[in-house]
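Structure first, commentary second.
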Amino acid sequence: MKKEEILALFQEYEQVACEVNQVECWSARDLQKLLGYSLWQNFTKVIAKAKEACENVGQNLLDHFIDVNKMVELGSGAFRSLNRNFEIHNKTVFDMRYLFLLLTGLVLAVKTWAQSANYDESLVGSYVLPDALTTLDGQKVTDSKIWEKVRRPEIMSMLANVEYGNLPQTPVKTTWRTVEESDNALGGKALRRQVEFTFSGNGVSRKMMVLMYMPRGVRKAPVFISPNFRGNQSTTDDEAVIASQYSEYSRSNQKSRWPFEKIIASGYAVATFHYFDIYYDKRDSMSKSILPVFGVSDAAGLSPSTGKAISAWAWACSRVLDYVLTLKNIDKRRCIVMGHSRLGKTALWAGALDKRFAMVVSNNSGCCGAALSRRNYGETVGRITKAFPWWFCDAFCAYADRPEELPFDQHELLAMIAPRLVYVASAQEDRWADPRGEFLALKESSKVYALYGKETMGDEEFPEVNKLLWRGQMGYHIRSGGHDVTDFDWDAYMRFADEKLK
Ligand code: GTR
């Protein structure tokens with residue numbers, strides 16, 4: 001940002017300051033306009049960032065953010081400066097207004113970053129996808145036997161060594177302890193169980209809490225295993241659910257993504273855990289992740305192909321599966337791994353690694369999930385590896401600016417699931433995740449499904465919005481709306497499983 005722009009904004013901040021009970025305040029509604037947000041809903045995300053920034057400099061949120069019930073006239077999310085200045089760790093005095101400037105910088109940077117991505121189909125350019133059916137030594141794969149014996153392991157090893165990484169082959173001891181259970185949950189329709197997993201190895205241990213709901217009276221229920229973003233308590237207003245150790249989100253904060261009543265009423269069980277339990281999803285968090293249990297505590301312990309966050313989250317999905325498979329009321333042949341966004345990438349990788357998952361669901365997984373890396377549309381390998389280097393193994397970063405040289409593309413990740421059920425879902429407004437790239441990858445993976453004599457997506461056109469396209473073992477839809485998990489998505493996954501997962 002130019003100096004003059006900063007000064008101008010600074011003055012504008014001054015102008016919208018007001019005083020309530022001798023405390024200088026800024027209304028979030030005014031700031032919303034200043035920062036160029038037309039939708040209040042979108043601006044609430046910026047407020048959340050500001051709160052995070054405030055906490056990061058050791059400030060008490062209550063001193064600076066007033067909720068609507070405390071000061072109605074200012075509107076929800078108002079900012080206040082108790083004495084105009086506040087201190088940060090190193091004792092230098094920090095002006096509240098700088099927080100706004102930092103925020104402005106952040107907003108502009110994020111906007112510029114997102115806007116500079118390509119969203120023009122005519123600028124995608126041409127690309128050649130690696131052929132899933134040609135082995136490294138040039139042999140054509142003509143049947144499922146050669147696929148399974150030669151080509152599938154080749155691709156698995158490339159994905160593991162170059163993209164998501166391998167976790168060290170060190171023994172990890174896992175124990176389970178039921179911490180809470182009830183046979184009268186969700187209005188008497190479900191059994192609830194909360195199970196604490198302890199993972200130990202290399203002298204350290206880590207804990208993960210799994211929340212399960214199972215339909216009452218169903219002898220063998222299929223199950224969705226799906227990590228959550230904001231803590232177990234955020235998935236429901238059920239007061240009995242224990243808050244996750246690394247989450248400060250309130251109860252039911254992300255409930256809309258977890259329609260447990262609907263899932264239970266449809267006869268499905270669900271098992272979820274907060275992904276931070278396994279790998280705290282922030283830069284430089286390796287030491288508090290599960291990796292030390294595998295003997296890797298810091299960057300020095302990494303090889304270029306050591307797996308990090310995505311591999312760890314995928315590993316945890318399989319550990320939940322180990323547990324779920326011991327339960328009498330769960331159908332071992334109908335275990336589904338499902339995830340949204342970064343956890344959609346995770347679900348795909350978990351499904352590739354672990355054939356016990358009979359169905360794999362990728363909800364808006366985008367770049368390095370279901371979307372083709374060679375398509376220059378929305379998020380790219382360059383951007384994702386710069387923003388989230390801890391998700392992938394280090395070897396992957398070398399391809400940041402040359403995805404066309406990757407020895408694989410994401411259709412081959414989808415092909416790893418063949419001949420099991422795979423469902424890829426996109427959202428119309430989620431251009432960052434490249435819906436068309438997700439569809440094209442699924443379509444391309446059809447070649448492998450065809451080896452098993454299955455009906456495929458091979459000849460299909462990109463479907464209309466909100467139309468379910470199901471062919472053989474493969475499902476796809478692009479629904480209206482943005483990057484999210486909605487009832488439309490859940491309904492589609494359950495109906496698909498009802499029909500196909502037998
Ligand atoms: C974005 C990231 C995406 C996706 C998303 C999410 O910031 O660029 O690849 O994973 O986060 O997980 O919500």
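Just so you know, ligand 1 is whichever comes first in the structure, and atom 1 is the first atom listed for that ligand.
At a threshold of 4.0 Å, the pair Lys447-Glu412 does not count as salt-bridged, since none of the basic side-chain nitrogens sits closer than that to a carboxylate oxygen.
In terms of polar-atom proximity, defined here as any N/O pair under 3.5 Å, Ser365 makes no such contact with ligand 1. Of the N or O atoms in Trp391, none lie within a sub-3.5 Å distance of an N or O in ligand 1.
The aromatic rings of Phe408 and Phe396 sit parallel to each other, their planes meeting at less than 30°, with 60° as the upper class boundary.
Interface atoms of ligand 1 facing Ile384, defined by a heavy-atom separation under 4.0 Å, are 9 (O). Residue contact check: Lys345 has heavy atoms under 4.0 Å from atoms 3 (C), 4 (C), 9 (O), 10 (O) of ligand 1.
In the model, Lys255 has no side-chain atom that pairs as donor or acceptor with a side-chain atom of Thr236 under 3.5 Å. In the model, Ser426 has a side-chain atom that pairs as donor or acceptor with a side-chain atom of Tyr476 under 3.5 Å. If you check the side chains of Asp354 and Ser318, you find a donor sitting under 3.5 Å from an acceptor.
The shell of residues lying under 4.0 angstrom from ligand 1, judged by heavy atoms, excludes His340. For Tyr275, the heavy-atom gap to ligand 1 stays at 4.0 angstrom or more. In this structure, Arg383 falls outside the shell of residues with a heavy atom less than 4.0 angstrom from ligand 1.
For the ring-ring contact (aromatic ring centres under 6.0 Å, His included) condition, the pairs that include at least one residue of residues 282-306, sequence neighbours left out, are Phe294-Trp315.
The protein atom (non-hydrogen) at minimum distance from atom 13 (O) of ligand 1 is Ser341 OG, 2.8 Å. Considering only non-hydrogen protein atoms, atom 7 (O) of ligand 1 sits nearest to Phe388 CZ, 3.4 Å. Among protein heavy atoms, atom 12 (O) of ligand 1 sits closest to Arg342 NE, 2.5 Å. Among protein heavy atoms, atom 3 (C) of ligand 1 sits closest to Glu379 OE1, 3.2 Å.
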Begin from the C-alpha positions of Tyr279 and Trp391 and carry the test side chain to side chain donor-acceptor pair (under 3.5 Å) through to its verdict. CA-CA 10 Å; Tyr279 202 116; Trp391 290 357; over 6 Å; no
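For Leu343, no heavy-atom contact with ligand 1 is shorter than 4.0 Å.
Tyr377 meets the ring pair (Phe, Tyr, Trp, His ring centres under 6.0 Å) test with Tyr119; sequence neighbours excluded.
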